[in-house]
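Note that the coordinates shown come from a computational prediction; the quantities given were computed from them, not determined experimentally. Just so you know, ligand 1 is whichever comes first in the structure, and atom 1 is the first atom listed for that ligand.
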Amino acid sequence: MRVQVAIVGGGPAGHLLGQLLHRAGIDAIVIEQRSQDYVLGRIRAGVLEQGTTELLDELGVGARMHREGLVHGGFSLDFDGAHHRIDLQQLTGGKQVMVYGQTELTHDLMDARAAAGLKTVYEAEQVSLHDFDGEHPKVRYTNGGVSYEVECDFIAGCDGYHGVSRASVPANSLQTYERVYPFGWLGILADTPPVSHELVYTNHARGFALCSMRSPRRSRYYLQCSLDDKVEHWSDAAFWDELRRRLAPDLAERLVTGPSIEKSIAPLRSFVAEPMRFGRLFLAGDAAHIVPPTGAKGLNLAASDVRYLARALAEFYAGSRTGLDHYSDTCLRRVWKAVRFSWWFTSLMHKFPDTGGFGQKVQHAELDYLIHSPAAGAALAENYVGLPLETW
Ligand code: FAD
Ligand code: DHB
């Protein structure tokens, strides 16, 4: 089989790129190693930047998001048992974010892909990338015991942090930067009304807590936990008790608990691999970079990467290589700003082994500064709603 672009990985990056290329008249295949149900079963991101929602609209896949998603013009920054609203709209000249699950977004993209009759291979095994340092790259995989080879002009590595794409690049051609945080996030999903109508980020001496949601009837909560914690050791009751301890008293009293429908632990990491291009292989999304989830940036970065990539590929087929040559540098400028923001917000909100009394005082001074200085508040807000796309 021959296509113009072989997309490895059918998560948000791969599916968004698939739609963007389809719209540009570029034919592509999506090769995903898991089943469709498995991909849709992963509960991850919840907050979309305005630029990401605009992209979904441009692609004609935003209708359900506008019906079911929740538009948020602010969030609460809680510490010392009190709430402080960060008014995103006021601080950014009217920008907002959309609370809409990654699962739902991926579902909408999969439906659009199927409706357009575009090819996706699920449960592809032994996926391997070949000859991307030359003019004729190939992707090989097996499916149902049969071997396949896809010849293409370009490979888009959209297969996440653990994927095969970045691992296929000779190690001495990539420079990596990494920070591993000494804690994780324990997340719970429950069919209970959210404790607050907006998200609540809480700095507490026992550790960070986040109150989020998926709908007016479905809550998503996170607790900073130890890296040694095992999800099986956290009963629902233990989770709700610990969450109550970390929330401001009025929220703790209002919290409605119920059985969890999902519970998982995610480690926190900042990671960037440079450059994001090797020959005719282009990395996008978590395959190239990871941020800790505190600033809700990962999925949004995947969306901006593939936006650049689709534009660069369209320019290539129109006769110009400029976009492809600038792809990595252009992406990385925005990526590093999000890496910085996510690291900073994580450092501000979590308890580290060496935080101690001094660290807590400094965190509180910064939080106090953020809620009282319009300049500091605006810097937080403009990063949270999403920085503009860079130009090349
Ligand atoms: P992935 O979602 O990892 O998709 C990669 C796909 O490639 C997967 O389907 C995988 O099965 C497939 N694959 C892997 N290896 C292969 C292979 N060898 N061959 C073929 N396919 C392969 N981001 C936000 O923007 N906002 C948030 O609020 C937010 N909250 C988060 C909360 C948590 C708890 C976590 C863990 C993450 C959160 N994120 C958030 C980050 C976000 O989920 C990721 O950044 C996003 O999923 C990246 O999309 P992706 O398509 O690049 O990678
Ligand atoms: C969610 C995740 C985040 O990392 C975040 O900052 C906000 C919300 C969520 O899953 O709802």
Give yes or no for whether the N/O distance cutoff of 3.5 Å, strictly under, is met between [X] and ligand 1.
| X | answer |
| --- | --- |
| Ala287 | no |
| Arg220 | no |
| Ala284 | no |
| Gly285 | no |
| Leu299 | yes |
| His162 | no |

Basic-acidic side-chain contact under 4.0 Å: Asp305, Arg334: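 The answer is no: the pair does not qualify as a salt bridge.
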
salt_bridge(Arg311, Glu315) N-O dist < 4.0 Å: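 No, this pair does not count.
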
Per-atom contacts of ligand 2 with Val47, taking only distances under 4.0 Å to non-hydrogen atoms: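 It comes down to these atoms of ligand 2: 7 (C), 8 (C).
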
Element-labelled atoms of ligand 2 that are located less than 4.0 Å from some non-hydrogen atom of Arg44: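 In order of numbering, the contacting atoms are 10 (O).
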
Which atom of Met276 lies closest to which atom of Ala284, heavy atoms considered: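 The pair with the smallest heavy-atom distance is CE-CA, 4.5 Å.
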
Test item: Arg34 side-chain N/O and Gly9 main-chain N/O as donor-acceptor pair under 3.5 Å: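 The answer is no, because no donor-acceptor pair under 3.5 Å joins these two groups.
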
N/O donor-acceptor pair under 3.5 Å between Lys297 side chain and Lys337 backbone: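 Checking the backbone N and O of Lys337 against the side chain of Lys297, no donor-acceptor pair under 3.5 Å is found.
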
Contact between [X] and ligand 1, counting heavy atoms under 4.0 Å?
| X | answer |
| --- | --- |
| Tyr161 | no |
| Ala124 | no |
| Arg42 | yes |

Per-atom contacts, ligand 1 versus Arg34 - under 4.0 Å to a heavy atom: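 Counting from 1, the qualifying ligand atoms are 11 (O).
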
Proximal ligand 1 atoms for Val47, defined as those under 4.0 Å from one of its heavy atoms: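 Under 4.0 Å from Val47, ligand 1 has these atoms: 26 (N), 28 (O).
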
Phe282, Phe316, Tyr308 screened by ring-ring contact (aromatic ring centres under 6.0 Å, His included) with Tyr327, the one that passes: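 Of the listed options, the one satisfying the test is Phe282.
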
Protein heavy-atom partner closest to [atom] - residue, atom, separation in Å:
| atom | answer |
| --- | --- |
| atom 17 (C) of ligand 1 | Gln33 OE1, 3.6 Å |
| atom 5 (C) of ligand 2 | Tyr201 OH, 3.4 Å |
| atom 1 (C) of ligand 2 | Tyr222 CE1, 3.8 Å |
| atom 3 (C) of ligand 2 | Pro293 O, 3.6 Å |
| atom 43 (O) of ligand 1 | Gln102 OE1, 2.7 Å |

CG on Asp191 to CZ on Arg217, rounded to 0.5 Å: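 That separation rounds to 9.0 Å.
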
Interatomic distance, Leu189 atom CG to Lys263 atom NZ [nearest 0.5 angstrom]: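 The CG atom of Leu189 sits 12.0 Å away from the NZ atom of Lys263.
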
Whether Tyr221 and Phe239 hold their rings parallel, tilted or perpendicular, with breakpoints at 30° and 60°: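 Ring orientation of Tyr221 relative to Phe239: tilted.
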
Phe271 side chain near Asp286 side chain, heavy-atom distance below 4.5 Å: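 No - every pair of side-chain heavy atoms lies 4.5 Å or more apart.
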
Side chain, backbone, both or neither: which part of [X] has a heavy atom under 4.0 Å from ligand 1?
| X | value |
| --- | --- |
| Val127 | side chain |
| Val8 | side chain |
| Cys158 | backbone |
| Ile31 | backbone |
| Tyr222 | side chain |
| Val39 | side chain |

Residues Tyr181 and Arg179: side-chain donor-acceptor under 3.5 angstrom: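 No pair is found: no donor N or O on one side chain lies under 3.5 Å from an acceptor on the other.
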
Among Arg280, Gln4, Arg2, the one residue meeting side chain to side chain donor-acceptor pair (under 3.5 Å) with Asp153: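 Exactly one candidate clears the test, Arg2.
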
Ring pair (Phe, Tyr, Trp, His ring centres under 6.0 Å): pairs with one or both residues in residues 91-136, sequence neighbours excluded: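 Sorted result for residues 91-136: Phe132-Phe278.
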
Options Ser212, Gly295, Pro292, ranked by nearest heavy atom to atom 8 (C) of ligand 2, top entry: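 The residue whose heavy atom sits nearest atom 8 (C) of ligand 2 is Ser212.
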
Any residue meeting salt bridge (charged side-chain N to carboxylate O under 4.0 Å, His left out) with Asp57, in chain and number order, not counting sequence neighbours: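 None.
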
